[in-house]
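Comments concern the structure below.
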4 protein chains.
Amino acid sequence: MDFQNKKAIYLQIADYVCEQILLKKWQVGNKIPSIRELAISLEVNPNTVMRTYAFLEDKKIIQTQRGIGYFVAEDAYPQALSLKKTEFLQQDLPQIFRSMDLLGISFEALNELYHTRKTYEKE
Amino acid sequence: MDFQNKKAIYLQIADYVCEQILLKKWQVGNKIPSIRELAISLEVNPNTVMRTYAFLEDKKIIQTQRGIGYFVAEDAYPQALSLKKTEFLQQDLPQIFRSMDLLGISFEALNELYHTRKTYEKE
Amino acid sequence: MDFQNKKAIYLQIADYVCEQILLKKWQVGNKIPSIRELAISLEVNPNTVMRTYAFLEDKKIIQTQRGIGYFVAEDAYPQALSLKKTEFLQQDLPQIFRSMDLLGISFEALNELYHTRKTYEKE
Amino acid sequence: MDFQNKKAIYLQIADYVCEQILLKKWQVGNKIPSIRELAISLEVNPNTVMRTYAFLEDKKIIQTQRGIGYFVAEDAYPQALSLKKTEFLQQDLPQIFRSMDLLGISFEALNELYHTRKTYEKE
DNA sequence: GTGGTCTAGACCACC
DNA sequence: GTGGTCTAGACCACA
């Protein structure tokens with residue numbers, strides 16, 4: 001996992017966690033990596049991971065058990081889905097559509113890009 | 001003009017200027033609002049507009065004439081187009097496509113959203 | 001018995017023990033559940049119960065007999081009573097009264113809550 | 001302002017801010033002390049105040065303006081009221097009532113304590 | 001000047 | 001071992 005410049009690292013880590021959950025790699029009730037573990041494996045300060053986990057706990061996506069660790073919360077999947085979906089629909093999409101209008105990119109052109117997209121994917 | 005929290009204000013203003021140019025509302029050689037004017041009308045600190053203009057000048061989209069004001073540069077249109085297009089293709093799109101996969105949003109669904117998009121543009 | 005997030009588990013267990021004593025369910029000299037037993041029945045780490053018992057022994061509410069088990073101490077009742085009473089009067093009450101002032105909750109309203117309280121005890 | 005041991009400092013500061021708002025000392029739209037200012041005046045690390053402000057912003061009680069500062073949010077009063085009231089009704093009260101039952105303190109006794117409470121107030 | 005992020009390291013309570 | 005809080009200090013982007 002490599003960090004791009006733009007977004008805060010702790011949010012990129014949150015995205016990563018959500019992704020694991022949405023891909024069902026991490027299932028409800030599973031223990032997730034401890035703060036220190038994840039911090040070491042991502043080569044990041046534990047405080048940064050802590051921030052991620054606090055953020056996700058607030059969103060009811062993960063939950064803590066005293067002295068034991070963090071676990072995938074009951075409603076993690078729907079919560080993560082709704083979180084990311086809202087983000088997508090309200091922040092990303094309108095901006096995209098606006099850019100398309102401005103740049104004169106038709107939806108058909110987008111269609112083509114969609115089906116040949118691998119070209120643009122760095123990560 | 002309302003500022004969303006996400007992007008830096010000076011970049012949002014830059015977007016606005018580019019928009020005027022791409023929509024051909026501001027044409028090559030036209031004088032654009034002075035820093036002070038624009039700052040007042042947008043209720044923003046003049047420093048912020050100054051930063052916008054410096055950014056756009058660096059991109060060869062506008063140019064300054066000492067003591068007179070800022071003007072739409074010679075190649076403003078292609079420059080603005082290329083700037084926004086690059087941004088769009090390399091930064092925005094890949095991220096969008098990735099989100100679609102993750103959220104299970106098909107291209108057909110996107111199509112529908114595209115044609116009813118006004119709903120999402122309010123906020 | 002369910003553990004709320006707020007208070008340390010070992011203290012919640014201590015509360016439980018005090019409760020048994022104050023309700024006279026556990027009487028002076030009675031043997032109380034072994035650390036292991038209680039840990040199993042509460043689905044808790046034995047270390048946690050051990051901490052509870054150490055805490056209560058320090059408060060002279062229970063006492064250990066080597067190799068036999070823990071017993072309700074001689075002065076358990078008054079000790080438990082004084083412990084909880086002090087806690088209540090010096091820590092809980094002032095905070096409550098302060099909150100009432102701040103939230104504009106009159107004593108009459110509290111009265112009503114007191115007599116219909118079962119509603120709030122679920123969560 | 002002195003910090004008691006029990007609660008996290010950043011939450012005690014949050015309580016303080018809520019109190020100012022509930023007492024209408026800080027009104028909607030007012031700028032509140034900057035992170036650094038408050039940190040210095042409370043003799044606390046700026047990060048701690050930052051944590052408080054992030055917490056309160058999430059609760060929609062305060063809101064940030066880039067590079068300018070934090071302001072009392074639109075719905076600060078009702079939000080703060082609801083936050084503290086929920087806390088009171090769901091966390092504090094049930095515990096109090098339970099203690100009363102256990103300690104054999106009648107509501108009449110509480111009444112008396114309420115009206116002579118100054119005795120118990122340290123802070 | 002403002003907020004925001006990150007690191008480094010310490011200490012605590014808890015399991 | 002776990003999470004949680006706090007400090008100290010650095011650096012950045014922004015107004």
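Proteins come first, then strands; the chains are lettered A, B, ... in the order of their sequence lines, and each starts at number 1.
- For A:Gln27, the side chain to side chain donor-acceptor pair (under 3.5 Å) criterion is met by no residue, not counting sequence neighbours.
- A:Tyr77 has its side chain within reach of A:Leu22: a pair of non-hydrogen atoms, C-beta onward, lies under 4.5 Å apart.
- With contacts defined as side-chain heavy-atom distances shorter than 4.5 Å, the pair C:Tyr53/C:Thr64 does not qualify.
- Every residue meeting the side chain to side chain donor-acceptor pair (under 3.5 Å) condition with A:Lys7, not counting sequence neighbours, appears here in chain and number order: A:Asp15.
- Contacts between residues 48-63 of chain B and DNA chain F, counted as heavy-atom distances below 4.0 Å, involve B:Thr48, B:Arg51.
- Counting heavy-atom neighbours within 6.0 Å of D:Glu74 CD, excluding the residue itself, gives a total of 12 or less.
- The closest side-chain heavy-atom distance from B:Ile9 to B:Leu42 is not below 4.5 Å.
- Taking every nucleotide of DNA chain E with any atom under 4.0 Å from a non-hydrogen atom of chain D, the first and last of them, 5' to 3', are E:dG1 to E:dC6.
- Both D:Asn45 and B:Asn47 lie near DNA chain F, and the one whose nearest nucleotide falls closer to the 5' end is D:Asn45.
- For the pair A:Pro33 and B:Leu11, nearest-nucleotide mapping onto DNA chain F gives the more 5' position to A:Pro33.
- Looking at DNA chain F, the stems built from 3 or more consecutive Watson-Crick or G-U wobble pairs, each pair with its key distances under 3.5 Å, are E:1-14 with F:1-14.
- Annotation for D:Lys60: atom NZ does not count as buried by contact number, only 12 or fewer foreign heavy atoms lying within 6.0 Å.
- Between A:Ala8 and D:Arg36, the residue anchored closer to the 5' end of DNA chain E is D:Arg36, taking for each the nucleotide with the nearest heavy atom.
- Remark on DNA chain E: of its neighbouring residues A:Ile9 and C:Tyr10, the 5'-side contact belongs to A:Ile9, judged by nearest-heavy-atom nucleotide.
- Taking A:Glu19 as the reference, B:Arg98 meet the side chain to side chain donor-acceptor pair (under 3.5 Å) condition, with sequence neighbours excluded.
- Protein atom NZ of B:Lys7 is 13 Å distant from nucleotide atom P of F:dA15, rounded to whole Å.
- A 4.5 Å side-chain heavy-atom check between A:Phe88 and B:Leu102 finds every atom pair outside the cut-off.
- Residues C:Val49 and C:Ser34 are not in side-chain contact: their nearest non-hydrogen atoms beyond the backbone lie 4.5 Å or more apart.
- Among the heavy atoms of the strands lying under 4.0 Å from D:Val44 are primed sugar atoms or P, OP1, OP2 only; no base atom is included.
- At a threshold of 4.5 Å between non-hydrogen side-chain atoms, the residues A:Tyr10 and A:Asn47 do not count as touching.
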